[in-house]
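In what follows, a structure is listed as structure tokens, so that the remarks can point back to it.
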Amino acid sequence: MSEADFTPEEADDALAGEYVTGLLDRDAWNDAESRLRRDPLFAARVADWEQRLSGLNDDYAEVPVPELWPRIESRLFPRAAKRGWLSSLWAWGAAGTAAVAVVAYLALSPAQPSLTATLVAVGSTLKYEAVITQDKLTLTRVSGNPADAQHSLELWIIAGDNPPVSLGVIAGDRETISLPGVEPGQLLAVTLEPLGGSPTGKPTLPPLAIGKLDSV
């Protein structure tokens, strides 16, 4: 199949894969870098490719990578741009633990999930698995620590270019909330907020973890 036969979504996914694996020439790489700053869905595709290929890095020492997550953060959470943000992606070493958590959920539920997302962290081991079944979202923390006594973790959903919408404070290791009308491609994000949640209805800090909802 030639590139001319690709759908727009397939072409975007191929471009993200070539960007992650370093197969683009200089001009194409610069174009992809520019797109990361303005297209959150393309940035999420790049993050997906990073996760798919993460196992190839197991035998190598961790090294700094291009500042992908700051670009996602500045695109989706512009008010948080004043705060510092770590420039390296969290290592994807807990993928096996996340898979076990999802399998355990499916074994206990007779209904099949329709959407899933893996929310990965920047600069920490915080990681969540999200599963949507029959308009209910189940969010499970599979690694990392909860918020301290002075703060709360808050869950947000981002649809296209719309601003983030709060889904509430994450009180425990596992939360289930009603969430109808969700579509593939929308993003889930977790931020650290003042105790009880954001007082403004908007994120007050950059996302700690972010992931894209995909169909099962």
Side-chain angles (χ1 to χ4, degrees), residues 36-48 50-51 65 67-92 94 98 101 115-132 136-179 181-183 185-214:
L36 283 173
R37 294 191 290 268
R38 55 184 171 79
D39 187 342
L41 293 183
F42 180 69
R45 290 182 186 276
V46 170
D48 285 344
E50 291 279 0
Q51 184 174 15
V65 297
E67 296 183 354
L68 169 61
W69 285 111
R71 295 187 176 95
I72 297 177
E73 176 262 314
S74 65
R75 173 64 181 83
L76 298 177
F77 300 86
R79 290 182 178 271
K82 297 179 180 179
R83 304 299 296 264
W85 191 242
L86 297 177
S87 62
S88 61
L89 288 175
W90 171 66
W92 309 81
L115 296 169
T116 63
T118 299
L119 283 66
V120 293
V122 179
S124 79
T125 59
L126 184 66
K127 186 174 184 178
Y128 285 92
E129 287 292 334
V131 178
I132 295 180
K136 290 188 180 296
L137 166 66
T138 298
L139 186 72
T140 304
R141 180 163 54 87
V142 296
S143 64
N145 298 318
D148 58 39
Q150 288 75 44
H151 296 87
S152 295
L153 294 175
E154 190 162 355
L155 180 65
W156 307 81
I157 188 166
I158 306 106
D161 294 330
N162 297 318
V165 175
S166 176
L167 298 179
V169 169
I170 305 171
D173 294 340
R174 181 167 176 167
E175 298 283 336
T176 299
I177 61 174
S178 178
L179 190 62
V182 183
E183 298 180 356
Q186 295 179 351
L187 303 177
L188 294 175
V190 174
T191 61
L192 184 68
E193 302 293 344
L195 187 64
S198 170
T200 66
K202 300 178 181 179
T204 61
L205 288 173
L208 290 179
I210 191 168
K212 185 183 72 171
L213 286 164
D214 289 316

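Basis for what follows: all heavy atoms, side chains included, without hydrogens, waters or symmetry-related copies. Residues take their numbers from the sequence shown, with the count starting at 1.
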Among [options], which residue meets the side-chain contact (heavy atoms from CB on, under 4.5 Å) test with [X]?
| X | options | answer |
| --- | --- | --- |
| Leu167 | Ile177, Leu139, Val190 | Ile177 |
| Trp156 | Ile210, Leu187, Thr191, Leu188 | Thr191 |
| Tyr128 | Thr118, Leu153, Val142 | Leu153 |

### Query
Would you say the side chain of Leu195 lies within less than 4.5 Å of the side chain of Gln150, judging by non-hydrogen atoms?
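Heavy-atom side-chain distance check fails, nothing below 4.5 Å.
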Work out which heavy atom in [X] is nearest to a heavy atom in [Y]; give both atom names and the distance.
| X | Y | result |
| --- | --- | --- |
| Lys136 | Thr176 | CB-CG2, 4.3 Å |
| Ala130 | Leu137 | CB-CD1, 3.7 Å |
| Gln186 | Ala159 | NE2-CB, 3.6 Å |
| Gly196 | Ser152 | N-OG, 2.8 Å |
| Glu154 | Ser166 | OE2-OG, 2.5 Å |

#### Entry: Under the side-chain contact (heavy atoms from CB on, under 4.5 Å) test, residues paired with Thr200 that sit two or more places apart
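Testing Thr200 for side-chain contact (heavy atoms from CB on, under 4.5 Å), a comparison that skips the adjacent residues, returns Ser198, Lys202, Thr204.
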### Query
Looking only at atom types and distance, does a side-chain atom of Ser143 sit under 3.5 Å from a main-chain N or O of Thr125, one as donor and one as acceptor?
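Looks like yes, one N/O pair under 3.5 Å.
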Can you tell me how far [atom2] of [Y] sits from [atom1] of [X], rounded to the nearest 0.5 angstrom?
| X | Y | atom1 | atom2 | result |
| --- | --- | --- | --- | --- |
| Thr116 | Ile132 | OG1 | CD1 | 9.0 Å |
| Leu213 | Ile158 | CG | CD1 | 10.0 Å |
| Leu205 | Leu192 | CG | CG | 6.0 Å |

### Sequence-distant partners of Asp148, side chain to side chain donor-acceptor pair (under 3.5 Å), two or more places apart
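Only His151 meet the side chain to side chain donor-acceptor pair (under 3.5 Å) criterion with Asp148.
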### Task
Please identify each residue that fulfils side chain to side chain donor-acceptor pair (under 3.5 Å) with Glu175, with sequence neighbours left out.
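Once residues adjacent in sequence are excluded, Glu175 has no partner under the side chain to side chain donor-acceptor pair (under 3.5 Å) criterion.
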